[in-house]
Amino acid sequence: MHASSNHMMEPPYFQGLNSGQRTAVETTEGPVLVLAGAGTGKTRVLTTRLAHIIQTGRAFPGQILSVTFTNKAAQEMRERVGQLLGQSVDGMWLGTFHSLAARMLRRCADRVGLEGNFTILDPDDQVRLMKQIMQEQNLDTKKYAPKVVMGRIDRLKDQGLVPDDVTMDQVGDFMGGSLLSLYRIYQSRLKAVNACDFGDLLLHMITVFKNPQHAEILEDYHRRFKYILVDEYQDTNVAQYLWLRLLAQGSKNICCVGDDDQSIYGWRGAEVGNILRFEKDFPDAKVIRLEENYRSTNTILSAANAIIANNESRLGKTLFSSAGEGEKITVRGLWDGEAEARWIGEEVEQLQRRGRSLSDISVLVRAGFQTREFEERFIQLGVPYRVIGGPRFYERMEVRDALAYFRVMAQPRDDLALERIINTPKRGVGNATLLQLHEHARAHGMSLYEAIKDLTQTDHLKPKMKSTLMEFIDHFELWRDQLDKQHHVDLAQRILEESGYLEMWKTDKSAEAPGRVENLKELVSSMGEFESFAEFLEHIALVMENQNNTQGEQVTIMTLHGAKGLEFPVVFLPGWEEGLFPSQRSMDETGLQGLEEERRLAYVGITRAREALYISFAARRRMYGSYIDCIPSRFVDELPEEYVLSETELGLYQPGRSQHWDTSGYDLHAQKPDVSPADRFRTPASRGEGYTTNKRSQKSNFAAFIRGDRVTHDAFGEGLVVHVDGNKLDIQFDDGTHKRIMANFVDKL
DNA sequence: GTACTCTCAGTTTTT
DNA sequence: CTGAGAGTAC
């Protein structure tokens, strides 16, 4: 080890750090908690700190455990550390909680009854497995959606609870208490197929770490990791926290940075309480607060401060900036979602004309489905865009199928993968055969793959089926044999060809088939970046980033959650309507807590903007095919009037005039504004396609006004009785039937 | 066993 | 409106 840094020249990477940031970087011994607001340079502190530790010789790269929130963030951090040190750095344990835990678990899988080549199930597989189990248990999968049940179990895992730890208290009376037994069965089934799910990666490691019989494993990591760095600490859940704490007990050199106001993953088990607990677990922890924002104008910060001030549960801080006042925030009410997309499209084009790069602009939405409207509009306008987080590459059917082939080859016990492709392309293996295979497998305690091998040796199958399955298995045996002999890219190509899967899409005449062939090609070529098949599959299971070919300038469209940690000079925040944002479901499920998390999400959205911010809402929005009427989000009212420039189409909204459920100043009877056809269907000349207007017979939409507890209506027709029950409307029809709907989601009757 | 039609539930947010 | 799953006709 080198001598202390005192004698060294001040490293150039300290330049530009303020005193608070610098203190946070230099405080390298003992536990440190950096509580800092948006745009105060939290990640920069971590990055510099990482470089500093290496530079001063306190630890080698391999002795630092650095946890970030996304693999992309990890990648960026790796690059930046390399820049700061003037050389690329290898061997760092730098990644997400899950990727790091997976790396550990691969080395000690036997301690939890797995083999080192275990498969990591994706959420889709999880749900399918749960469904199978529920059906075997004769549970009604209609009454209890496997997805919901699986969600519950995931939540238990987030809390670091293995089945034995779960008390009836934690399960509640959900499903009459059978949740726990489902959890047990699910876990044993995972082991039977040598697989685990996302939650298990951490959970298994915690189990190993806590088991005195395997003490040497934790001790080894204690010796290894001299420093631990954690970004976005406010979003850690209990399992992640336990994992960290166990590891940090070694050196106690743990540094976490976080912002309680940006905690937006409560629904995934994240606990802001982890921040408070930090000082209890590490009584000598240094706490450093950073409040100076280097990102946004004061106007934007004031709006963010004003909004978040409405939350009761927060540690409390007020950001300030010396970046000047900046432009006012534009708030705009529009007729419907299409008009909103049209307006944003116009603004984007105008910004572009004024010399603004499209890469400076982002559209941040509450929920994934909202991206479609903007995509459609941007395509019409010819504005290049990219959607981050949408249906990802790896989630596409053809990619998942191809991966299933690879998985079965690498790990024959992977029943779920095998089931996916046993009849894709069609081989005449249907439900009946599959059932027979399942029965045989279960009766003999073997995997489906083994069951097939077994049954093809007997005469229990029809001759045709027998030869089909034999051929199927033979292929896999052959490929597996080539695993070490052939380059993995070639092998992958070969598998796709010999299996007939590629051929299936090549001969498919549907419109999307060529795209699928293209994606498969891309999948195979992307494997070239990896050393081996095993490494590639590991990457797929964990990283699963969508391959963005980011050539040229593009507007970025993504969810607010996806925008965490990012910043853009110009930010559009559409869809600020009650029920959508804040999300009705969030409020229904967790009440005030949910609302406050939504508000933090608004805070995150606003603070992504450096210079200009646009917020909009629509009077009606299409959902499930028909229109529903909307009222502006309460968050709109929480924006400070003096910083807002309000433009109104339709005279819909005047700032400060509308209160939560008070729609005065919001005229829901306004007529749809005239939009010239030329404008509505404008297109880049190069495309020259025809358009369908997408007009369809609309049921007469009606507007429901909700003022206090009174509901009036103008299009319900005769003989309807409406009751208000909480935030639901109970509508009774003249034929005696009735329907309950959300107050602000009054629609299709 | 497959291909077609019909019904019905569903849209938060993610590693 | 879409997509999954169930049901029906070959």
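Keep in mind that the numbers below use all heavy atoms, side chains included, and drop hydrogens, waters and symmetry copies. All values derive from a computational prediction rather than experimental measurement. Letters A, B, ... are given to chains in the order of the sequence lines, protein chains preceding strands, and every chain is numbered from 1.
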Measure from [atom1] on [X] to [atom2] on [N] and round the result to the nearest Å.
X	N	atom1	atom2	value
A/Arg128	C/dA4	CZ	P	12 Å
A/Trp243	B/dT15	CH2	P	17 Å
A/Gln126	B/dT15	CD	C1'	11 Å
A/Leu121	B/dT15	CG	P	17 Å
A/Asn71	B/dT14	CG	P	15 Å
A/Leu560	B/dT13	CG	P	11 Å
A/Gln234	B/dT14	CD	P	16 Å
A/Ile120	B/dT14	CD1	C1'	16 Å

Which nucleotide sits closest to the side chain of [X]: [options]?
X	options	result
A/Thr433	B/dT13, B/dT15, B/dG1	B/dG1
A/Ala367	B/dT15, B/dT13, C/dG5	B/dT13
A/His561	B/dT14, C/dG5, B/dA3	B/dT14
A/Tyr265	B/dT14, B/dT13, B/dG1	B/dT14
A/His98	B/dT15, B/dT13, B/dA3	B/dT15

Q: Please check if atom CD in A/Gln593 has more than 12 non-hydrogen atoms from other residues, nucleotides or ligands closer than 6.0 Å.
A: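 Check fails, neighbour count at 12 or below.
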Q) Is the count of non-hydrogen atoms from other residues, nucleotides or ligands lying under 6.0 Å from A/Arg268 atom CZ greater than 12? A)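 More than 12 within 6.0 Å, yes.
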Q: Using the closest heavy atom to pick a nucleotide of DNA chain B for each, name whichever of A/Lys147 or A/Met465 lands nearer the 5' end.
A: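 It is A/Met465 whose nearest nucleotide is closer to the 5' end.
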(Q) Quick check on DNA chain B: between A/Lys426 and A/Gly562, whose nearest nucleotide comes earlier from the 5' end? (A)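 Counting from the 5' end, the first nearest nucleotide belongs to A/Lys426.
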Q: Find the distance between CD (A/Glu232) and CZ (A/Phe69) and round it off to the nearest 0.5 Å.
A: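 That separation rounds to 7.0 Å.
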With heavy atoms under 4.0 Å as the rule, sort [X] into base, sugar-phosphate or nothing.
X	value
A/Lys564	nothing
A/Lys157	nothing
A/Thr559	sugar-phosphate
A/Asn423	sugar-phosphate

Q.
Between the side chains of A/Glu338 and A/Arg377, is the shortest nitrogen-to-carboxylate-oxygen separation below 4.0 Å, so that they form an ion pair?
A.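 Answer for the salt bridge query: no.
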Q. Would a line drawn from the ring center of A/Phe581 to the ring center of A/Phe635 be shorter than 6.0 Å?
A.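 Between A/Phe635 and A/Phe581, which both carry aromatic rings, the centre distance is below 6.0 Å.
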Q: Decide, applying a 5.5 Å centre-distance limit and a 30° plane-angle limit (both strict), whether A/Trp267 stacks on B/dT13.
A: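 Here the ring of A/Trp267 and the base of B/dT13 are stacked, with centres under 5.5 Å and planes under 30°.
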